Amino acid sequence: MKITTETGERHVLAITVDNEAGVLAKITGLFTARGYNIESLTVADITADHALSRITIVTSGPPPIIDQIIAQLDRLVPVHKVIDLADQDAHVEREIALVKVAGTGDKRIEALRMADVFRAKVVDTTLSSFIFEITGSSDKVDRFIALMRECGLVEVGRTGVVAIARGAEAL
């Protein structure tokens with residue numbers, strides 16, 4: 001099976017589900033069965049009694065396929081609600097990355113200067129390396145990582161996209 005990427009529009013799906021074993025496998029299986037890639041996936045417990053979780057999935061695909069996936073997700077027993085945030089009027093997206101950069105001299109100074117421009121925070125430092133924390137849109141994180149390659153990028157860890165619709169109403 002060929003996994004399809006970059007086909008159609010980008011979609012951010014926010015899914016409220018029962019917090020139980022096997023739910024994530026059922027949901028990701030719907031994408032796999034159609035040969036569509038999940039670009040980003042985050043899961044978090046969202047209630048005080050730990051009964052519900054929120055899954056945020058970023059994928060790309062033509063609208064008819066995404067509509068079909070949403071309809072099938074809605075039919076799964078552990079799924080309470082599915083929203084395509086791309087269809088909402090406005091939503092906020094953020095991603096966090098930890099970026100390790102090693103270097104000395106001018107490369108070290110340049111890494112600190114660019115981190116300041118991107119509002120990345122130094123969370124660890126040694127005499128030969130930094131670990132930066134950057135928060136923002138995926139595009140901002142991508143740009144920062146690309147610039148850090150020139151300064152001695154060693155390693156990157158990313159959280160994936162977390163998104164929420166603007167306004168007073170909950171998912």
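In this text, all values refer to a predicted model and were calculated from it rather than measured experimentally.
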Is [Y] reachable from [X] through a run of hydrophobic residues whose side-chain heavy atoms are each under 4.5 Å from the next?
X	Y	answer
F118	V161	no
L76	Y36	yes
I134	V92	no
V162	V141	no
I57	L52	no

Rounded to the nearest 0.5 Å, what separates atom [atom1] in [X] from atom [atom2] in [Y]?
X	Y	atom1	atom2	result
D84	I69	CG	CD1	10.5 Å
Q68	L73	CD	CG	10.5 Å
I145	L153	CD1	CG	7.0 Å
D74	I83	CG	CD1	9.0 Å
I131	D124	CD1	CG	4.5 Å
S60	I66	OG	CD1	7.5 Å

Shortest non-hydrogen contact from [X] toward [Y]:
X	Y	value
T126	R108	O-NH2, 2.8 Å
T159	T42	O-CG2, 3.2 Å
G160	S40	CA-OG, 3.1 Å

Task: Whichever hydrophobic residues join V77 through chains of side-chain contacts under 4.5 Å - done: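 Besides V77, the cluster holds no residue at all.
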Task: Criterion side chain to side chain contact (heavy atoms under 4.5 Å, CB included) on R143 and D139, from CA distance to verdict - done: CA-CA 6 Å; R143 287 191 312 272; D139 289 341; 3.6 Å; yes
With sequence neighbours excluded, residues passing side chain to side chain donor-acceptor pair (under 3.5 Å) with [X]:
X	answer
D116	none
E150	none
R166	none

Identify every side-chain donor-acceptor pair in residues 19-30 under 3.5 Å, counting partners at least two apart or on other chains, and give the distances.
residue	atom	partner	partner atom	Å
N19	OD1	S53	OG	3.3
N19	ND2	H50	O	3.1
T28	OG1	L24	O	3.0
T28	OG1	A25	O	3.3

Task: Flag for T47-D49: side-chain donor and acceptor within less than 3.5 Å - done: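 Yes - a donor-acceptor pair under 3.5 Å links their side chains.
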Task: Whether T59 side chain and N37 backbone form a donor-acceptor pair below 3.5 Å - done: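 Side chain of T59 to backbone of N37, a donor-acceptor pair under 3.5 Å: yes, one is there.
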Task: Any donor-acceptor pair under 3.5 Å from T125 side chain to F130 backbone - done: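 Pair absent, no side-chain N/O of T125 close to backbone of F130.
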Open item on the list: Does this structure show an ion pair linking K107 with E110, if we count only N-O contacts that are shorter than 4.0 Å?
Closed with: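 Result for this pair is no, no salt bridge flagged.
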Task: From CA spacing to verdict: side chain to side chain contact (heavy atoms under 4.5 Å, CB included), I164, R54 - done: CA-CA 10 Å; I164 196 164; R54 178 187 176 114; 4.2 Å; yes
Residues 93-103 side chain polar contacts: donor-acceptor under 3.5 Å, at least two apart:
residue	atom	partner	partner atom	Å
E93	OE1	R10	NH1	3.3
E93	OE1	R10	NH2	2.9
E93	OE2	R10	NH1	3.0
E93	OE2	H91	NE2	2.8
E95	OE1	S138	OG	2.7
E95	OE1	R158	NH2	3.2
E95	OE2	R158	NE	2.7
E95	OE2	R158	NH2	3.4

- [ ] Kindly determine whether L112 and F132 satisfy side chain to side chain contact (heavy atoms under 4.5 Å, CB included), including the steps that lead there.
- [x] CA-CA 9 Å; L112 278 173; F132 298 106; 4.2 Å; yes
Open item on the list: Contact between F31 and L13 at the side-chain level, heavy atoms closer than 4.5 Å - yes or no?
Closed with: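 When only atoms from C-beta onward are counted, L13 and F31 do touch, with a gap below 4.5 Å.
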